[in-house]
Engineer: 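Quick one: structure below, then a few questions.
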Amino acid sequence: EMARDARQALGEDCTVAKLFAKHMKIDKQHDFLSTHVCHIATGTPERLLQLINKFDYLSTSLKLVVLDWQRKDAKQRTLIEISENKKPLATLLREFIIPFLLSCQTKIVLL
């Protein structure tokens with residue numbers, strides 16, 4: 001929903017990458033990211049970590065990270081309540097997002 005709303009606000013030329021394991025294999029996602037300028041990327045903490053570690057994403061072009069803490073999945077669990085998200089989310093924050101925040105290259109939004 002958030003990506004759809006942002007795309008409507010930014011216009012139809014806005015490219016959205018869906019970085020979830022169920023949508024596309026990681027190598028296909030890498031190929032897509034390598035050949036397209038993506039204005040918005042959405043994904044699970046685990047898939048984002050995989051892309052960062054395997055293909056060294058998160059360059060200086062990262063400007064904004066949005067963590068949707070309130071969105072609930074089909075089982076009515078939030079991002080932090082889903083057990084398989086906890087460790088990857090902590091790693092993503094500790095190793096990548098917080099250093100970007102401290103260097104003033106990136107902003108974070110918690111919803």
Engineer: What residues, two or more places apart in sequence or in another chain, satisfy side-chain hydrogen bond (donor to acceptor under 3.5 Å, both in side chains) together with E46?
Structural biologist: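 Scan of E46 (side-chain hydrogen bond (donor to acceptor under 3.5 Å, both in side chains), adjacent residues dropped) gives Q50.
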
Engineer: Which side-chain N or O atoms in residues 72-80 pair as donor and acceptor under 3.5 Å with protein atoms at least two apart or in another chain?
Structural biologist:
unit_1 : atom_1 : unit_2 : atom_2 : d
D73    : OD1    : K75    : N      : 2.9
D73    : OD1    : Q76    : N      : 3.1
D73    : OD1    : R77    : N      : 2.9
D73    : OD2    : R77    : NE     : 3.0
D73    : OD2    : R77    : NH2    : 2.8
T78    : OG1    : E81    : OE1    : 3.2

Engineer: Measure across P45 and N85 and return the closest heavy-atom pair with its distance rounded to 0.1 Å.
Structural biologist: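 It is CD-OD1, 3.7 Å.
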
Engineer: With clusters defined by side-chain heavy atoms of hydrophobic residues (ILVMFWY) lying less than 4.5 Å apart, directly or transitively, does L92 cluster with F20?
Structural biologist: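 No, F20 and L92 fall in different hydrophobic clusters.
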
Engineer: By side-chain hydrogen bond (donor to acceptor under 3.5 Å, both in side chains), which residues pair with E95, not counting sequence neighbours?
Structural biologist: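 With sequence neighbours excluded, E95 shows a side-chain hydrogen bond (donor to acceptor under 3.5 Å, both in side chains) to no residue whatsoever.
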
Engineer: Less than 4.5 Å apart, any side-chain heavy atom of L33 and any of L19?
Structural biologist: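 Touching, per the 4.5 Å side-chain cut-off.
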
Engineer: Which heavy atom of P99 sits nearest a heavy atom of R94, and at what distance?
Structural biologist: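 Looks like CD-O, 3.4 Å.
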
Engineer: Not counting sequence neighbours, which residues clear side-chain hydrogen bond (donor to acceptor under 3.5 Å, both in side chains) with K86? List them please.
Structural biologist: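 For K86, no residue satisfies side-chain hydrogen bond (donor to acceptor under 3.5 Å, both in side chains) once neighbours in sequence are set aside.
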
Engineer: Are I82 and L89 connected, step by step, through hydrophobic side chains (Ile, Leu, Val, Met, Phe, Trp, Tyr) whose heavy atoms are closer than 4.5 Å?
Structural biologist: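 Different hydrophobic clusters.
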
Engineer: Are W69 and I97 connected in the hydrophobic side-chain network, where two residues link if heavy atoms are under 4.5 Å apart?
Structural biologist: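 Yes; tracing contacts between hydrophobic side chains, which count when under 4.5 Å, links both residues.
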
Engineer: Please list, chain by chain and in numerical order, all residues satisfying salt bridge (Lys or Arg N to Asp or Glu O under 4.0 Å) with K54, sequence neighbours excluded.
Structural biologist: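 Here the qualifying residues are D27.
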
Engineer: Could you report the tightest heavy-atom contact between Q29 and M24, atom names first, then the distance?
Structural biologist: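 Answer, listing the atom of Q29 first, then M24: NE2-O, 3.4 Å.
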
Engineer: Considering non-hydrogen atoms only, spot the tightest contact between L48 and G43 and give its length.
Structural biologist: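 Shortest heavy-atom contact: CD1-O, 4.0 Å.
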
